[in-house]
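Have a look at the structure below, then the notes.
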Amino acid sequence: MKNRTVILITLLLFLSFSLSAQMKDLKRKIPTDPTVKIGKLANGLTYYIKQNSKPKNKAELRLVINAGSILEEDDQQGLAHFVEHMAFNGTKSFEKNELINYLQGLGVEFGADLNAHTGFDETVYKLSVPTDEETFNTSLQVLRDWADGITFEDEEIDNERGIVAEELRARSGAPMRMYYQSIPKITNNSRYAQRLPIGTTDVILNSEYDAMKRFYKDWYRPDLMALVLVGDFDVLKTEKKVKELFGGIQLTDTPKERVYYEIPDNKEPVITVITDKEASGVSISLYSKKDETEVVTLNDYRNEVLKYLYSAMLRQRLNEIGLQPDAPFLSAIAGIGNFLGNKDAFLLKASLKENNIPEGIEALLVESERVKRFGFTNTELNRFKEQLLNGADMRRKETGKISTKYYIEQYIDNFTDNKAIPSDEFIYQFYKEIFPTVTVEEINNLSKEWIKEDNVAVVLNAIDKENLKLPTEEDIEDILKKVSLQPLEAYEDELSDIKLMTNEPKPGKVISETYNEDVDVTTWKLANGITIIAKPTKFQNDLISMSGFRPGGSSLAPDSLYVSARNAGNIIGSSGVNGISETDLNKLNMGKTVKVTPNITFYDDLFSGSSSSKDLETMLQMVNLYITNPNKDEGVFNSKKANLKSIYKDQDKSPGNFFDNQISEIITKGHLRGMPLTVQQIEDGLNIDEAFEFYKERLASANGFTFVFVGSFDLKNLKEFTTKYLGSLPSDLEKESTWKDIGMRYTNTVVKKTFLKGVEDKSIVDMRFTNNFDFSLKEKTKLSLLGKLLKIKLTEEMREKMSGVYGVQVAGYASDIPYGWYRMNIRFTCDPNNVEKLVSKVLEEIEKIQKDGATEADLHKIKEAELANYKEFLEINAYWINKLREAVKYDLKLESILDSEAEINNIDSNMFKDAANTYFNMSNYAEFILKPEASQQE
């Protein structure tokens with residue numbers, strides 16, 4: 001054994017030395033992660049195969065086409081996306097709906113596990129499936145059919161036209177209209193401005209059948225395809241299956257050239273001001289574009305790291321400005337990254353104050369100019385190096401415990417954009433090797449490359465309303481020129497030698513300890529009334545999740561303090577602790593994996609947190625300080641208040657927001673706490689002293705808190721730290737924390753209302769059943785399952801058969817606070833002319849469930865999906881956090897968490913029938929319909 005240990009240590013040292021030697025030669029190519037099998041078939045199809053058992057017995061499969069809407073001809077605009085739809089409407093091996101029905105029978109959920117997307121330059125088909133032999137083989141056959149076996153029956157194309165048109169309708173609105181206007185400007189009238197993936201309604205509804213088939217024939221070919229397969233399977237066996245199944249795809253004799261379109265350069269800034277009456281707020285975006293560079297060598301990769309560091313440090317500075325007492329803008333971001341076509345871009349973006357627009361634009365540009373002139377500081381750079389290195393360290397430690405989806409996107413990007421895919425171990429070692437050589441001077445030099453006068457595009461988006469004075473395009477150009485000339489001072493990085501916790505607390509006492517062997521959970525009761533629940537797991541190698549909770553919340557505040565109490569957790573929780581500002585707290589924790597967030601909701605006092613095992617003590621120190629020594633920060637308060645006002649200002653200009661607000665007023669009978677805030681309420685009712693005092697009052701006593709810890713920790717350490725930092729918290733054992741019934745009750749009578757708002761030819765339908773009932777977790781689960789069944793039926797009928805909607809949302813929800821109540825909600829977007837028949841179809845499908853329950857096929861789909869989710873969730877820390885919290889709240893035996901599989905297997909048709917007759921009661925039915933303003937003239 002000793003010899004083996006010596007050999008292993010020697011090998012590791014050799015590998016480390018070898019990596020170090022390789023990294024010194026920056027001309028070397030970036031090594032590809034050796035755990036991913038990459039190959040190319042004789043027909044040109046590329047494949048990526050990686051074994052990863054997180055989650056167990058599942059795999060993520062992707063078929064990637066290196067072609068998208070950019071390649072459409074004039075008569076094909078929108079057909080790249082339409083082809084994607086047709087993949088689910090009949091292939092060589094699966095007739096229409098047979099594919100979806102088959103996969104749903106395996107627990108695959110349409111939308112969540114079975115989906116696709118189309119972009120400018122790529123189309124990606126997505127499957128998340130079990131890895132048993134039969135299912136996995138059939139799933140590969142599905143990908144094979146999508147590659148060259150879509151049938152494109154004329155009747156099915158016509159049936160799908162309405163669905164694609166409804167998708168376009170669902171997306172329509174002010175954001176989309178403004179995007180359509182901006183893209184010609186930011187791409188300098190390139191082809192990207194003429195080939196938006198959603199296409200045009202005219203082509204979608206009237207295109208020739210051959211136009212779609214021609215696109216499929218031209219671009220769905222093996223030399224433009226990749227298979228990306230990651231999951232809990234054998235790599236070599238999977239590779240063999242890929243070769244056997246996909247090797248027979250024929251390469252076209254005379255393939256069309258795959259053109260890569262470029263974005264033209266512009267010497268002078270292109271500036272545009274775009275307004276819309278249904279928009280919200282004002283924002284500015286500046287793009288400084290530059291030809292993309294290949295990332296092939298280690299030196300190229302090093303340059304990418306420099307760009308990341310530059311972006312992160314500038315974002316940090318902008319965040320600091322946003323938290324100043326009189327911040328010139330609401331928020332801002334910055335960064336260097338991919339753009340479109342052949343360009344990368346440096347982006348500056350800010351959300352602006354309506355009464356301070358020119359000043360906000362100037363402040364955004366000034367900070368970028370400050371970096372250009374004076375650069376960053378060594379202290380800033382060192383902190384961000386630590387942060388980046390810590391992140392890389394965490395990822396390499398989590399090897400084998402990282403979700404499969406993390407890898408999928410990397411491999412897709414490698415195929416479509418030639419992005420490097422080194423291993424997490426290599427990245428960590430590379431950072432360790434190069435960071436000592438990375439100087440602040442070379443990062444500062446990036447400003448000369450990216451902050452320049454040519455290839456600049458600026459877009460100002462704003463709401464169109466009276467009395468809002470917007471700068472003209474000439475005004476914005478003047479600001480650009482002004483900033484480059486005005487005198488500036490260098491940034492001072494102020495972070496004194498501070499310590500998070502200056503006074504160590506005296507540890508509390510554990511007064512009882514219990515252990516539940518069935519679920520491996522230890523419970524400690526502390527003398528100050530706090531309960532600690534601990535479940536060590538190996539689901540992650542070095543991550544811990546924490547949740548603290550007790551009843552209370554803003555319900556305890558009188559109406560006069562409601563606005564301040566409602567926002568107290570967010571404002572004070574973002575203000576830092578122990579005299580350390582939030583900005584400095586973030587700086588102090590760079591290089592650590594730790595996060596703590598206090599929150600006060602309607603009926604609860606909450607803490608959420610996460611950390612690595614080495615930063616567990618820091619996490620608990622932060623919890624202690626958020627309770628005992630929170631800050632009252634005027635700058636944070638002003639920033640939060642301004643942002644809240646911007647969110648709620650002009651909210652009724654948006655048809656969707658107007659509709660939701662009207663529903664809230666009716667459903668809650670206009671209750672103060674059930675309605676969205678108004679700007680006047682925020683202005684008059686949000687007070688920093690009130691918010692701070694309410695926060696302090698809520699947390700003055702820790703009695704009644706339960707803290708749940710799940711993850712990779714040592715029980716002895718956790719007990720020591722929780723006893724010290726939580727057990728020492730002040731507590732009044734005579735005072736129990738509980739929520740207060742604020743008197744809000746949801747309407748449970750028949751309501752039917754139609755509202756007219758908006759310019760788009762679009763309706764939103766919201767149907768809901770709400771009433772009082774005797775709450776139980778069992779009934780809450782029934783409601784959720786009933787919603788899933790109805791969604792399946794409505795998708796089949798309203799989407800697949802009627803082509804009347806793109807999608808339909810169905811959700812069942814129940815609560816026992818402040819009283820036992822439930823809601824079943826159905827919502828969809830549609831053509832205003834189809835509202836009546838679609839509403840009738842919903843009610844018809846409800847009646848069928850009330851009469852017949854669930855079919856065997858639908859019952860099987862739901863049970864398989866629930867079982868698949870349950871098995872996957874059992875190995876996720878967050879799931880155990882939620883289930884343990886639920887067990888505490890409802891005084892359940894902890895081992896009942898393991899009963900879910902039996903409960904799922906006991907679901908039957910009668911359960912759905914009974915639930916439908918109970919909860920779909922037409923005497924407590926509300927129907928809300930939004931139609932465009934033009935409907936009034938009809």
Side-chain angles (χ1 to χ4, degrees), residues 547-574 597-608 626-627 630 640-641 643-644 647-648 651 657 660-661 663-678 681-682 684-687 690-708 735-748 768 770-773 775 777 780 783-784 811-825 881-882 885-886 888-890:
S547 176
F549 53 91
R550 73 172 178 191
S554 63
S555 66
L556 298 169
D559 287 350
S560 60
L561 297 179
Y562 163 61
V563 178
S564 292
R566 173 175 171 171
N567 294 284
N570 182 27
I571 292 171
I572 307 305
S574 301
T597 304
N599 195 13
I600 297 174
T601 62
F602 269 96
Y603 299 108
D604 293 287
D605 307 326
L606 304 171
F607 278 90
S608 61
Y626 273 119
I627 291 174
K640 295 286 186 181
K641 187 170 185 176
N643 271 290
L644 277 173
I647 290 170
Y648 291 107
Q651 56 185 313
N657 288 340
D660 289 338
N661 293 349
I663 292 174
S664 294
E665 183 168 3
I666 294 169
I667 287 294
T668 67
K669 305 171 187 176
H671 195 284
L672 169 69
R673 307 196 189 203
M675 292 292 296
L677 294 174
T678 66
Q681 276 181 302
I682 297 167
D684 298 340
L686 188 56
N687 177 280
E690 292 175 353
F692 185 72
E693 288 307 314
F694 182 78
Y695 180 96
K696 289 283 288 181
E697 179 186 327
R698 284 306 313 133
L699 300 178
S701 168
N703 184 35
F705 260 112
T706 297
F707 282 86
V708 179
K735 187 176 180 181
E736 182 180 355
S737 179
T738 186
W739 51 268
K740 177 183 176 183
D741 189 343
I742 56 177
M744 185 166 67
R745 297 292 184 270
Y746 298 107
T747 186
N748 56 3
R768 55 181 70 191
T770 307
N771 205 356
N772 309 346
F773 83 134
F775 176 87
L777 288 176
K780 183 178 180 180
L783 273 159
S784 176
Y813 178 77
S815 177
D816 59 339
I817 299 176
Y819 64 104
W821 63 275
Y822 73 87
R823 179 182 67 237
M824 180 63 76
N825 207 165
I881 286 272
N882 290 332
R885 177 179 172 180
E886 185 178 80
V888 171
K889 182 177 180 180
Y890 296 106

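Position 1 is the first residue of the sequence, and the numbers go up from there.
- In terms of heavy atoms, Phe607 sits closest to Pro598 at CE2-CB, 3.5 Å.
- Note on ring orientation: taking the six-membered ring where Trp is involved, the planes of Trp821 and Tyr819 are tilted (angle from 30° to 60°).
- The nearest pair of heavy atoms linking Thr747 to Thr770 is O-CB, 3.9 Å.
- Proximity of a side-chain donor or acceptor of Asp605 to a complementary backbone N or O of Ile600 within less than 3.5 Å is not detected.
- Looking at Ser554, its side chain never comes within 3.5 Å of a backbone N or O of Arg566 through a donor-acceptor pair.
- Counting heavy atoms from C-beta on, the side chains of Val888 and Tyr890 never come closer than 4.5 Å.
- To the nearest 0.5 Å, the span separating CE on Met744 from CD1 on Ile667 amounts to 11.5 Å.
- Minimum heavy-atom separation, Trp739 to Pro818: CH2-O, 3.6 Å.
- Here the OH-CD1 distance, from Tyr603 to Ile742, works out to 3.5 Å after rounding to the nearest 0.5 Å.
- For the atom pair CD (Gln681) and CG (Leu672), the distance works out to 6.0 Å, reported to the nearest 0.5 Å.
- Shown here for Asn567 and Val563, the closest heavy-atom pair between the two residues is ND2-O, 2.9 Å.
- The local environment of CD in Glu886 is crowded, with over 12 non-hydrogen atoms from other residues, nucleotides or ligands closer than 6.0 Å.
- Atom NZ of Lys669 has more than 12 heavy atoms from other residues, nucleotides or ligands within 6.0 Å.
- Residues Leu699 and Phe705 meet the side-chain proximity criterion, which asks for heavy atoms closer than 4.5 Å.
- Side-chain atoms of Asn748 do not come within 3.5 Å of backbone N or O of Asn772 as any donor-acceptor pair.
- Between atom CG of residue Asn825 and atom CD1 of residue Ile663 there is a gap of 8.0 Å, rounded to the nearest 0.5 Å.
- In this structure, Lys889 and Asp604 have side chains that are not in contact, with every pair of non-hydrogen atoms separated by 4.5 Å or more.
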Step by step, work out the side chain to side chain contact (heavy atoms under 4.5 Å, CB included) result for Thr678 and Tyr648.
CA-CA 6 Å; Thr678 66; Tyr648 291 107; over 6 Å; no

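- Checked by atom type and distance alone, the side chain of Ser564 pairs as donor or acceptor with a backbone atom of Gly685 at under 3.5 Å.
- Judged by distance alone, with hydrogens and angles left aside, the side-chain atoms of Gln651 form a donor-acceptor pair with the main-chain N or O of Leu677 at under 3.5 Å.
- Closest approach of Met824 to Leu783, counting heavy atoms only: CE-O, 3.3 Å.
- Rounding to the nearest 0.5 Å gives a distance of 11.5 Å between NZ of Lys640 and CG of Leu686.
- Nearest heavy atoms, Ile682 versus Lys641: O-CE, 3.3 Å.
- Cation-pi check for Arg885 over Phe549 is met; the charged atom lies under 6.0 angstrom from the ring centroid and within 45 degrees of its normal.
- For the residue pair Ser737/Arg698, the side-chain donor-acceptor check at 3.5 Å is satisfied.
- Separation of atoms OH (Tyr695) and CD1 (Ile627) is listed at 7.0 Å; rounding is to 0.5 Å.
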